[in-house]
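Convention: sequence-line order gives letters A, B, ...; per-chain numbering from 1.
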Protein chains: 2
Amino acid sequence: MTMTRRLDGDSKTLMASVYDRLRSDIVDGELRPGARLRFDELKDSYGVGLSPLREALTRLAAEKLVVLEEHKGFRVAPISRSDLTDLLFMRQEIESLAIRRSIERGDDQWESGVVAAIHALGKRSSLTPDGHIDPEWENRHRAFHDSLVAACDSPRLMLYRCQLTDHADRYRKLSHHYSSSGRDHLAEHCALSDAVVARDAETANQLIRNHLARTVEIIMTDEDLRDSGFDD
Amino acid sequence: MTMTRRLDGDSKTLMASVYDRLRSDIVDGELRPGARLRFDELKDSYGVGLSPLREALTRLAAEKLVVLEEHKGFRVAPISRSDLTDLLFMRQEIESLAIRRSIERGDDQWESGVVAAIHALGKRSSLTPDGHIDPEWENRHRAFHDSLVAACDSPRLMLYRCQLTDHADRYRKLSHHYSSSGRDHLAEHCALSDAVVARDAETANQLIRNHLARTVEIIMTDEDLRDSGFDD
DNA sequence: AGATGATGTATTTTCGAAAATCAATGATAA
DNA sequence: TTATCATTGATTTTCGAAAATACATCATCT
C-alpha cells in the first residue's frame with residue numbers, strides 16, 4: 001500500500017499548511033508590515049484556492065498578525081512604536097508570571113532541562129562568521145526560553161506567551177539593527193538560568209524584565225524600521 | 001435613496017454576523033459543551049453558506065470557544081474542572097494586573113466612571129421576582145467590571161481579558177446552581193469600588209482575586225455540570 | 001472651479017458543486 | 001471466532017464561478 005506521506009513541513013489540511021507558511025512569512029518579515037494580501041496573488045504564491053486562504057488569514061487575524069478591514073481585504077499587521085511598547089509590557093508580565101509559576105511547580109527534571117538548554121546555548125555563538133544570525137543559535141535560544149517556562153503547567157498562559165513571542169520575533173527579525181548588533185547576551189542568559197535553578201523568583205523576575213526591555217531598546221533605535229511605517 | 005439598514009445585531013459581512021451569533025449561542029450555553037457542529041445543520045440554523053460558517057468557526061477556534069479536529073469537524077469546546085481551574089488562575093492574574101494598571105494610569109474621569117457604574121449596579125438586584133437573573137443587572141455587572149479596567153490602556157491586556165471573560169461567562173451561565181444562588185455580592189463590589197477609587201492597588205488585588213475565586217467555588221459544586229462532561 | 005453623480009474595473013465575499021477523507025457495515029479468509 | 005479488507009454513506013475540505021462591494025475615472029450640473 002503506497003502511503004503518500006508529506007515529507008515537507010505540511011500539516012494535514014491545506015488550510016493548516018498555508019496557515020503555517022503565511023505565519024512564517026509574516027514573522028520572518030518576508031511579508032512586510034502593512035502589505036496588502038490580495039487573494040489573486042496569494043493564490044499564485046501559495047498554490048491553493050480561496051477557502052483555505054481565507055480560513056488561514058482569519059485565524060491569523062484572530063492572533064493579530066494580520067488585520068481585516070471588511071470588504072477591503074486583509075493586510076499584514078502594521079508595526080508601530082506604541083504597539084511595540086504594549087507588546088513589551090505584556091511580555092514582561094506574562095514571561096515573568098510563567099517563570100515564577102515554573103519555579104513554584106517545576107521538579108528536578110524541569111531543572112535539568114534548563115541546565116541542558118543553557119549549556120547547548122553556550123556552545124554556539126549568535127552570529128555566523130559572515131555576520132548573520134545563526135539559525136541553530138536561534139533554535140537553541142528559543143529552546144532555552146521555552147525551558148524556563150516549561151513547568152508552568154497552564155495551557156492559557158502558554159498560549160498567550162506563544163502568541164506574544166511570535167509578535168516579538170517579528171519585530172526582532174524586521175530589525176536589521178538588532179541582527180547585526182551581535183548581542184549574544186550569554187551573561188544575561190546564564191544569570192537567568194542560575195536564578196531559576198536557585199528558585200529565586202524575584203531575581204528571575206528582574207532579569208527577564210530587563211532582558212526583554214534591552215532587546216526592545218535596540219529595536220526602538222533602528223532607523224530601518226521607519227520604512228515599514230514604524231512612526232505613523 | 002433606500003438604504004437597507006440592518007436593524008438587528010448584524011454586522012456588515014455574513015461571516016461577522018454569524019460569528020457574533022455563534023459566539024453568543026456558545027457563551028449562553030445554547031450550544032452545549034462538546035456538541036458537534038455539523039455544517040448541514042448550521043447552514044439551516046443560521047441561514048448562511050459554508051464559507052462564512054467555516055471562517056466564523058475558525059475564528060472561534062482561535063479563541064478556544066470551539067475546537068477543530070482535522071477532517072472530523074468542529075465541536076463546541078468541552079468544559080472540565082481542570083480547564084476551569086486554569087481559567088480562574090489566568091483571570092486572577094489578568095484582572096488584577098489590569099486593575100493595578102488602571103489605578104496607576106486612570107484620571108478623574110475614570111474614577112467617575114467607576115463610581116457611576118457601582119451606583120447603577122446597586123440600583124438593581126441580580127434576581128428577578130421569579131428567580132431568574134435580570135439581564136439588565138447582567139449588563140450593569142459587566143459594565144462595572146469593565147469600568148474598573150477602563151484606564152489600563154493596553155490593547156493586548158484588554159484583548160486577553162475579554163477572551164477570558166467570555167470563557168468565564170460561559171461557565172457561569174452553564175451553572176444553573178450559580179444562577180439560582182442569587183449571589184448579589186453587592187458588598188464585594190462596593191469594597192472593590194472603594195479600593196479602586198482610593199487607589200489602593202494591593203487591597204483591590206486581594207478583593208478581585210477572592211471575588212473571582214468565590215464564583216468558581218460555587219460553579220465547582222454544581223452537579224448539573226456533570227451532564228456536560230465536567231468530570232471527564 | 002467644485003461638487004455631485006454615473007460608469008467601469010478591481011477585489012472581496014458568498015454560494016453550490018466536486019473532491020477528499022472518515023466512520024460504519026459487511027464480506028472474506030485464517 | 002477473529003482479524004483484515006473492501007464498499008457504502010456521511011461529512012469535511014476544497015475549488016471555481018457568481019454576487020456584492022469598494023475604488024478610481026470621468027461626465028454633468030450649479
Open item on the list: The side chain of L14(A) is closest to which nucleotide in this list: dT14(D), dT11(C), dC15(C)?
Closed with: dT14(D)

Task: Separation of atom CE in M15(A) from atom C1' in dT13(D), rounded to whole Å - done: 11 Å

Open item on the list: Taking the side chain as everything from C-beta on, heavy atoms only, tell me whether P33(B) gets closer than 4.5 Å to L174(B).
Closed with: yes

Quick test: give all pairs of protein nitrogen or oxygen and nucleotides 22-25 of chain D nitrogen or oxygen below 3.5 Å, distance rounded to 0.1 Å.
{"residue": "dC23(D)", "atom": "OP1", "partner": "K72(A)", "partner atom": "NZ", "Å": "3.4"}

- [ ] Determine, using ring centers only, whether H145(B) and H211(B) are less than 6.0 Å apart.
- [x] yes

Open item on the list: Let me check I have this right: for DNA chain D, each base becomes ., (, ), [, ] or |, based on Watson-Crick or G-U pairs with both distances under 3.5 Å. What is the full string?
Closed with: ||||||||||||||||||||||||||||||

TODO: For the pair R100(B) and E104(B), find out whether any cationic side-chain nitrogen is under 4.0 Å from an anionic carboxylate oxygen.
DONE: no

Open item on the list: Expressed as a whole number of angstroms, how long is the span from L68(B):CG to dT14(D):P?
Closed with: 10 Å

Task: Check: H141(A)/R124(A) side-chain N/O donor and acceptor closer than 3.5 Å - done: no

TODO: Go through residues 42-54 of chain B and report each residue with a non-hydrogen atom lying under 4.0 Å from DNA chain D, sorted by number.
DONE: L50(B), R54(B)

Open item on the list: If I take atom CG in residue L57(B) and atom P in nucleotide dT14(D), what distance separates them, rounded to the nearest angstrom?
Closed with: 15 Å

- [ ] Answer whether the closest heavy-atom distance between the side chains of I26(B) and R170(B) falls below 4.5 Å.
- [x] yes

Open item on the list: Measure CZ/F39(A) against P/dT21(D) and give the value in whole Å, please.
Closed with: 17 Å

Task: Reported CG-to-CZ distance for the pair L57(A) and R23(A), which is rounded to 0.5 angstrom - done: 14.0 Å

Task: V149(A) and R101(A), any side-chain heavy atoms less than 4.5 Å apart - done: no

TODO: Please report, rounded to the nearest Å, how far the P atom of dT11(C) is from the CZ atom of R38(A).
DONE: 5 Å

TODO: For E55(B) and dT12(C), give me the distance from atom CD to atom C1', rounded to whole Å.
DONE: 10 Å

Open item on the list: Rounding to an integer number of Å, can you tell me how far E69(A) CD sits from dT11(C) C1'?
Closed with: 14 Å

Task: pair I94(A)-Q163(A): side-chain heavy atoms closer than 4.5 Å - done: no

Task: D222(A) side chain to Y171(A) side chain, donor-acceptor N/O pair below 3.5 angstrom - done: no

Task: pair D83(A)-R156(B): side-chain heavy atoms closer than 4.5 Å - done: yes

Open item on the list: Please determine whether side chain to side chain contact (heavy atoms under 4.5 Å, CB included) holds for the pair C152(B) and R105(B), giving the CA-CA distance in whole Å, both sets of side-chain angles, and the decisive distance to 0.1 Å.
Closed with: CA-CA 7 Å; C152(B) 85; R105(B) 305 183 158 227; over 6 Å; no

